[in-house]
There are 2 protein chains.
Amino acid sequence: MKDFPAPPPGSCPDVLHPRCPSRQVLQHLTSRWGALVLVALAGRTLRFSDLRRALGDVSDRMLAQTLQGLEADGMVRRVAHDVVPPHVDYSLTEIGQEAAVLVRGLADWVERRLPDILGCQR
Amino acid sequence: MKDFPAPPPGSCPDVLHPRCPSRQVLQHLTSRWGALVLVALAGRTLRFSDLRRALGDVSDRMLAQTLQGLEADGMVRRVAHDVVPPHVDYSLTEIGQEAAVLVRGLADWVERRLPDILGCQR
DNA sequence: GGAAGTACGTACATTTTGGTAAGTATTCCG
DNA sequence: CGGAATACTTACCAAAATGTACGTACTTCC
């Protein structure tokens, strides 16, 4: 890997710059499960197992990992009720909702345009 | 992996359904290099090597693979001039431009909100 | 009583993604 | 003349993503 100069402090965020933190954040939001979690969580609160069922084919392990990543980025809020059996609620933060709107927008567009896209595919 | 029933023909596209083709298309658009290619190519035509430089740290191999994927999805147009040394131009199709607008929107939002996001990160 | 559900963590296996190096035919530049 | 640039491809290897299986400490339902 070529070594890129770190962006000078105070420079504008730019996803096209290899070392810009915005690139990593974008990757979290657009990661395989990250994007789907945002879509699934848009406008509602779900507990862990509901979320797993909503996504359909995600494994426990990946869902937990993805949620922790999004929580670390401040996109997802985790509320654990201290009971047995466990009960944990996941919802979007303020920022997470903003992101979710855009991701949903992309997902909606894909769904809407799917016939045309499939028609163009080679 | 659990086996999911294929979506009944005629059902609405739904990215949350594991077997829906829209999910794969979304993944192509949001893949690590796919999203960045759309951003880089938005509103302009670039040749292979310019694109590589625009992304900064992508390898020849991945860039070629990503471009072929996006071309197969009908997002990218490839125009090869038959000369030596090779000269190939890449640009977005009609559909690709629509996608790029949304991906750019997400990227722009991340760049704009980056300070807040970094401030929230744990 | 026995089975299933809950929200994970951990160890291990597999799959996917990504990088590196080399090769190509030719032109341009110093 | 020697070296760099061009747009890939292929073979090979490393790293990252993802899945599977198991364990947990209880509760609820049949």
Side-chain angles (χ1 to χ4, degrees), chain A residues 1-4 18-19 23-38 40-41 45-73 76-91 122, chain B residues 1-4 16 18-19 23-37 40-41 45-73 76-91 122:
Chain A
M1 163 121 60
K2 291 173 255 185
D3 48 330
F4 270 82
R19 302 279 296 270
R23 206 186 238 200
Q24 277 121 262
V25 172
L26 182 63
Q27 278 183 55
H28 297 164
L29 300 181
T30 59
S31 69
R32 173 160 188 206
W33 300 117
L36 297 180
V37 163
L38 291 178
L41 231 38
T45 294
L46 291 178
R47 45 193 301 192
F48 188 86
S49 53
D50 293 327
L51 208 36
R52 173 159 32 77
R53 277 184 288 269
L55 304 196
D57 60 349
V58 69
S59 63
D60 276 11
R61 205 179 80 75
M62 281 315 296
L63 181 54
Q65 194 173 302
T66 301
L67 284 168
Q68 285 166 9
L70 290 175
E71 194 193 354
D73 278 352
V76 161
R77 179 165 30 237
R78 189 190 109 109
V79 179
H81 307 138
D82 192 14
V83 294
V84 157
H87 182 131
V88 181
D89 285 322
Y90 288 95
S91 56
R122 317 270 124 200
Chain B
M1 168 125 54
K2 291 173 253 187
D3 47 331
F4 269 80
L16 289 184
R19 301 280 296 270
R23 205 186 242 204
Q24 277 121 263
V25 173
L26 182 63
Q27 277 183 55
H28 297 162
L29 300 182
T30 59
S31 70
R32 171 161 188 203
W33 299 116
L36 296 180
V37 164
L41 231 37
T45 294
L46 292 179
R47 45 194 300 193
F48 188 85
S49 53
D50 293 327
L51 207 37
R52 173 160 31 80
R53 278 184 286 270
L55 303 196
D57 60 349
V58 69
S59 63
D60 277 10
R61 204 179 79 78
M62 284 314 297
L63 181 56
Q65 192 173 302
T66 302
L67 284 168
Q68 285 166 8
L70 290 175
E71 194 192 353
D73 278 353
V76 160
R77 180 166 29 239
R78 190 190 110 111
V79 179
H81 307 128
D82 193 14
V83 294
V84 156
H87 182 132
V88 181
D89 284 322
Y90 288 94
S91 56
R122 314 273 125 198

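Since the model is a prediction, treat every value here as computed from it, not as a measurement. Both backbone and side-chain heavy atoms feed into the values below; hydrogens, waters and symmetry mates do not. Chain letters run A, B, ... following the sequence lines, proteins first, then strands; residues in each count from 1.
Here Ser49(A) lies in heavy-atom contact (under 4.0 Å) with sugar-phosphate atoms only. Backbone-only engagement by Gln68(A) is indicated by non-hydrogen atom pairs under 4.0 Å involving sugar-phosphate atoms exclusively.
When each of dT18(D), dG19(C), dT6(D) is scored by its nearest atom to the side-chain atoms of Met62(B), the top-ranked nucleotide is dG19(C). Taking the side chain of Arg47(A) as heavy atoms from C-beta on, and the options dC8(D), dT6(C), dG18(C), the nearest nucleotide is dT6(C).
No donor-acceptor distance shorter than 3.5 angstrom exists from the side chain of Arg32(B) to the backbone of Gln27(A), with no hydrogens or angles considered. In terms of modelled atom types and a separation under 3.5 Å, the side chain of Arg47(B) and the main chain of Pro86(B) share a donor-acceptor contact.
Partners of Ser59(B) according to the side-chain hydrogen bond (donor to acceptor under 3.5 Å, both in side chains) rule, which considers only residues two or more places apart in sequence or in another chain, do not exist here.
Atoms CG (Leu55(A)) and P (dT18(D)) sit 12 Å apart, rounded to a whole Å. The interatomic distance linking His81(A) (NE2) with dG5(C) (P) rounds to 22 Å, in whole Å.
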Extract from the structure each pairing of a protein N or O with an N or O of nucleotides 10-14 of chain D at less than 3.5 Å, listing the distance.
none

### Message
Go through it in stages, so that I can follow the logic: the residues are Leu67(A) and Leu51(A), the test is side chain to side chain contact (heavy atoms under 4.5 Å, CB included), and I'd like the CA-CA distance, side-chain angles, deciding distance and then a yes or no.
### Response
CA-CA 10 Å; Leu67(A) 284 168; Leu51(A) 208 36; 3.9 Å; yes
### Query
Base, backbone or nothing for each nucleotide of nucleotides 25-30 of chain D, written B, S, -, heavy atoms under 4.0 angstrom, 5' to 3'?
-BS---
